[in-house]
Each structure stands twice: as structure tokens, then as C-alpha cells.
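Indexing begins at 1, ligand by ligand and atom by atom, following the structure's order.
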Amino acid sequence: MKIYVEAYGCSQNIAETYMLAQAMGEIVDDPQRADAIVIGTCVVIEHTENRMMRRIRELRKYGKKIVVYGCLPSARRELLDMEVIPITTWEWEMAHEILNLDKSPMDEVFLWDAIATIPIANGCLGRCTYCITKIARGHVKSRSVEWIVSKVKEALQRGAVEIRLSAQDTAAYGRDIGTELPSLLNKVSSIPGKFFVRVGMMEPRETLRILPQLIEAYSSPKIYKFLHIPVQSGDDEILSRMNRGYKVKDFENIVNAFRDRYPDMMLSTDVIVGFPGEDDESFENTLRLIERIKPDILNITRFSPRPKTPAYRWKRPSTNKVKEWSKRITELQWENMNRRMERMLGREVKVVVPSRGKRGRFLARTINYMPVVLEKAEIGKFYNIEIVDMESAHLIGRILEEREVV
Ligand code: SF4
């Protein structure tokens, strides 16, 4: 069977969608040539949800069987009154039974160039008052260490040089099956081969619980010194309204502990602007936090009320305020990022090339996961390069020589 696939949302949702599509048949790039269409959906904000609904309606014009996977059928099934086959995130592992397939999505490996994304768990342990993902993905359900290790080995045999471990909260991995993320990282990084591991987003509350072991597990040369840890607000009062389960100080302690051990590590964090109850003072607290910690990447999202969550009907700050705050925090982040990138100019660094970039170029990564664009390179190779320039959110490199070892 020929399958046309489109996947949206986080890397986990994208990987699961492709693994499902691969289990169904051969992937083709034209919906007209396909026997069935698979769309992996995201509902994280209202705008995305509307886009998903629009896209499903457009794809129906091809008259093919449509499988709608992911967070839309899981959290907003009532919107899908049309003739599509919904597969929820908790049905993913048994999708072959529902769709009558010979293979399970669990039998597949998803590779994008030389990047393999492995969905290590579904769901989380939080109860954030704004988050629809909890409804879409439920309580944490971890996949076994044996399954993950076998997927990593298979991906390496197929040429992967970057392994992405993905989940809604990778720091919550294993809590339901009697293990923990550091132990998984130790197992994965002891697999022979030339590769790097990118650990996906970790919630601060769960990260605090495993902090010393996690910092130790990161000492493997195979783990990118990269931390994605969403703070969401720099104000304790707002964090409490969000029910995040930690204070600003806790977040800073995690960042400082990691930076003490890995001073050049790359830090990515997220903030929500315009959460109900936010005022000038709480926004200034967030701004000051960002000034202090200077993250390398800051994902800024304007609060979007999601149905079925407690914050859905809470009173929000005015649109003008939210616009003004978003602008100020975005400007601050550009300054931080430019300063950090300028420090890299002229340096010689080691990189791996896990994927293509845009406009026929290649995207390399340093051990700290900094993105460096190369004009010419070979996917899956390791190089010594010189940083010669910078461009919007990435550096530009020039290859000095190819390397054999990680
Ligand atoms: S888990 Fe969140 S980000 Fe990922 S697809 Fe679902 S709603 Fe979107």
C-alpha cells in the first residue's frame, strides 16, 4: 500500500506519525499516488488546531482513506465528525490491530537523513493548568529500555549519527517502570558506534529529582551538552498559577549546576507570555530571569487558552500588553543569541553532520548542539571546522578536515 504522510507538532509526534505510516506501507510524496493518507496532528495552541482541521478538510478532496493520528483525535475527538480513522496516542502501539496491518509502528525506525528520533515515553507526570497535552497524552507511559536500545542499534546500523530521545518530559522517563532517565542514558551511550544523543525536553520538577545522576550521565562524550528545560515564567506567583511544581530558584539551580560542570553547554528554554494573572511586575521578573541566565534558545509562546484546561476561562492580560511584552522579550533574546554567536567567530570546533540544511546546504552540530551551516559536506561525517560567520540563528562554518573519531 502507498502512503502519503504529513506530520506536525513536536519531534515525538512527527516520529510516531512516520513510524505508523511506515508500518502501513511505502511512503510516497504525492497524495494523488497514495492509497491512504496519514496526518499526524498537534493541538498545542488554538492556531495550530485550526490549521490541522483545515488541512484534514483539504486532504479529503483526494478521496483517499485518511488516518488522523496524534493529539487532535486524543484531545479533541469531538471535532472529527468527518469520515476519517482516528488513532489516539495511547492506541499508537496497537495501531496495527486497529488498522489490520502486518507490522506494528513499534517495529519501525524513523530516520531523517542521519537523525533517528525515538519516542521513549508517552505522557507526563504534571498537571499544568494551561496544557492540553496532558489530555492528549495522559499519564507517563514509558517504553522499555530493551526496546529503546534495540531501536538505537537498528538506527546506527542504518547510518544514524544523531539519536534523539523524545518524550513530553524525558526527565519523567521510567517512573512507571522502575527505572530513570540517567540509567537509560548510560545504557544508550555505552552502545558501540560513532553517534551523539540529543536528550529531549525535560520538565524542571522532574529534572530536580534526578539532577546529580543526570549531570553525571551527561559526562559521556556521546551526549550533546544540550539542555531543553522550559521555565515558562520567571515569577513564582505565575508558576504557582500554572501549577508547575517548582520555583524560579529551582530552575536556576538546575541551570547553574549544569553550567558548573559543562560551562559551554547550550541551554534552551520556553516562556509563555500573557498567562492569566500576568502583570507588568511578573513580566519584568521573567525578563530579569532571561537577562540573568541568557539562554541560547528561547521559545516564546503567547498564551493560548485551550478547552478542557482550568486556565481556559481565566481572565487574560490585554492583547496590547501581550504584544508589547512579546516584543521586548524577543529583542532581549536576539541580543543574547548574537552575543553568544559572536564569541564563536574564528574558533575551530569539531562537528558532526546529521542532516541537510536549507537551500542545498548542510546542518552540522557541535558537541554543545550549536547549529553550524556548511556549504558542502557529507551527511553522517565528522569534521574539524572553523566558524567564519553568523547568519540569523546559526553559525557559518568552513571545513578544515574530515575526522574519523567522535
Ligand atoms: S504533544 Fe504537544 S507539541 Fe506534541 S503534537 Fe501533541 S500538542 Fe503538539
In terms of residue, atom name and distance, what is the protein heavy atom nearest to [atom]?
{"atom": "atom 4 (Fe) of ligand 1", "answer": "C10 SG, 2.3 Å"}
{"atom": "atom 6 (Fe) of ligand 1", "answer": "C71 SG, 2.2 Å"}
{"atom": "atom 8 (Fe) of ligand 1", "answer": "C42 SG, 2.3 Å"}
{"atom": "atom 2 (Fe) of ligand 1", "answer": "T133 OG1, 2.9 Å"}

Is [X] close enough and on-axis enough to [Y], meaning under 6.0 Å and within 45°, for cation-pi?
{"X": "R164", "Y": "W112", "answer": "no"}
{"X": "R339", "Y": "W334", "answer": "no"}
{"X": "R244", "Y": "Y246", "answer": "no"}

Below 4.0 angstrom from a heavy atom of [X], which ligand 1 atoms are there? Numbered from 1 as shown, please.
{"X": "Q168", "result": "1 (S)"}
{"X": "R137", "result": "1 (S)"}
{"X": "N13", "result": "5 (S)"}

**Prompt:** Applying a 4.0 Å heavy-atom criterion (strictly less than), which segment of Q12 is in contact with ligand 1: side chain, backbone, both, or neither?
**Reply:**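 Looking at Q12 and ligand 1, no heavy atom falls under 4.0 Å.
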**Message:** Under 4.0 Å, heavy-atom basis, I'd like to know which part of V44 is in contact with ligand 1: side chain, backbone, both or neither.
**Reply:**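 Under 4.0 Å from ligand 1, V44 contributes backbone and side-chain atoms.
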**Item:** Ion pair D296/R340, N-O distance below 4.0 Å
**Value:**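 Answer for the salt bridge query: yes.
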**Request:** Assign the ring pair F196 / Y224 to parallel, tilted or perpendicular, where the plane angle (0 to 90°) is split at 30° and 60°.
**Result:**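 Parallel.
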**Asked** Distance only, no hydrogens: is a donor on one side chain within 3.5 Å (strictly under) of an acceptor on the other, for T117 and S166?
**Response**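 No donor-acceptor contact under 3.5 Å links the two side chains.
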**Request:** Might you confirm whether atom CD of E237 has over 12 heavy atoms from other residues, nucleotides or ligands at distances under 6.0 Å?
**Result:**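 12 or below, so no.
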